Amino acid sequence: MPLTKYRFRTAWTIAAPAPAVFETLVDIAGYPDWWPDVRAVSGVDDETAELSCRATLPFTLTLCMTRVEQDKSEGRLGVSLTGDLEGTLAGRLSEHVHGTRVEIAQRVVANKRLLRALSPVAHPVFRANHAAMMRRGQRGLRSLLT
């Protein structure tokens, strides 16, 4: 796999009922209220939103998310991503003994010039940056819903 392509898998356990977790995750406009790395959301309509994200590293990613799946009864959601990263993000929610399990799978290609230039040497650092962002997202969602 070329070093400008990334696959991420993350699993969160949230001590809240699946419907509440699902509604929070599909409310993209509300992400900055609980996810500190999502700095701004704009252009929100029924299907799309533009997000500005900045994790630990000193650069901002701008992403356009377009909803491709939202099935509350099956606990599935998905978006396509364009902008500084291009690809897909799919989520699956399921009941768990401790609340709700959220499984997130992402496949993206780095489009931002800085990421493309540095990926051959900084690939592990970018992966660690993503992991830190996802941990903060989990903590924020837990804090909001529990």
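Only heavy atoms go into these numbers, but all of them, side chains included; no hydrogens, no water, no symmetry mates. This is a predicted model, so every value here is computed, not measured.
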Pair Thr48, Asp45: side-chain N/O donor-acceptor within cut-off below 3.5 Å: yes

Nearest-0.5 Å distance that lies between atom OG1 in Thr56 and atom CZ in Phe126: 12.5 Å

Plane angle bin for Trp12 and Trp34 - parallel if under 30°, tilted between 30 and 60°, otherwise perpendicular: perpendicular

Rounded distance [0.5 Å steps], OG1 in Thr82 versus CD in Glu50: 8.5 Å

Side-chain touch Cys64/Leu81, heavy atoms, less than 4.5 angstrom: no

4.5 Å side-chain heavy-atom contact, Asp71 and Leu77: no

Gln138 and Arg135: side chain donor to acceptor below 3.5 Å: no

Sidechain-backbone polar pair: Trp35 side chain, Met133 backbone, donor-acceptor under 3.5 Å: yes

Side-chain donor/acceptor of Asp37 to backbone N/O of Cys53, under 3.5 Å: no

Val108 and Phe8, any side-chain heavy atoms less than 4.5 Å apart: yes

Partner set under salt bridge (Lys or Arg N to Asp or Glu O under 4.0 Å) for Glu69, not counting sequence neighbours: Arg76

Point-to-point distance, once rounded to the nearest 0.5 Å, from CG of Asn129 to CZ of Arg54: 10.0 Å

Tyr6 side chain near Arg127 side chain, heavy-atom distance below 4.5 Å: yes

Same apolar cluster: Leu25 and Val68, side chain cutoff 4.5 Å: no

Side chain Asp84, main chain Asn111, donor-acceptor under 3.5 Å: no

Atom pair NZ (Lys112) and CG (Leu63), whose distance is rounded to the nearest 0.5 Å: 9.5 Å

Minimal non-hydrogen separation, Ala18 against Leu93, with atom names: O-CD2, 3.9 Å

Distance-minimising heavy-atom pair for Ala16 and Leu145: CB-CB, 3.8 Å

Thr24 vs Tyr31, side chain to side chain donor-acceptor pair (under 3.5 Å): CA-CA, chis, key distance, verdict: CA-CA 8 Å; Thr24 304; Tyr31 280 23; over 6 Å; no

Donor-acceptor pair, side chain of Ser119 and main chain of Leu115, under 3.5 angstrom: yes

side-chain hydrogen bond (donor to acceptor under 3.5 Å, both in side chains) partner of Gln70, the single match among Glu74, Arg67, Lys72: Arg67

Stepwise side chain to side chain contact (heavy atoms under 4.5 Å, CB included) test for Val79 and Thr66: CA-CA 5 Å; Val79 296; Thr66 302; 6.0 Å; no

Where at least one partner belongs to residues 95-109, residue pairs that pass side-chain hydrogen bond (donor to acceptor under 3.5 Å, both in side chains), sequence neighbours excluded: Arg101-Glu103, Gln106-His130

Contact summary for Arg9 and Ala105, nearest pair of heavy atoms: NH1-CB, 3.4 Å

Contacts of type salt bridge (Lys or Arg N to Asp or Glu O under 4.0 Å), residue Arg142, not counting sequence neighbours: none

Side chain to side chain, Leu85 and Val109, heavy atoms closer than 4.5 Å: no

Minimum side-chain heavy-atom gap Met65-Ile28 below 4.5 Å: yes

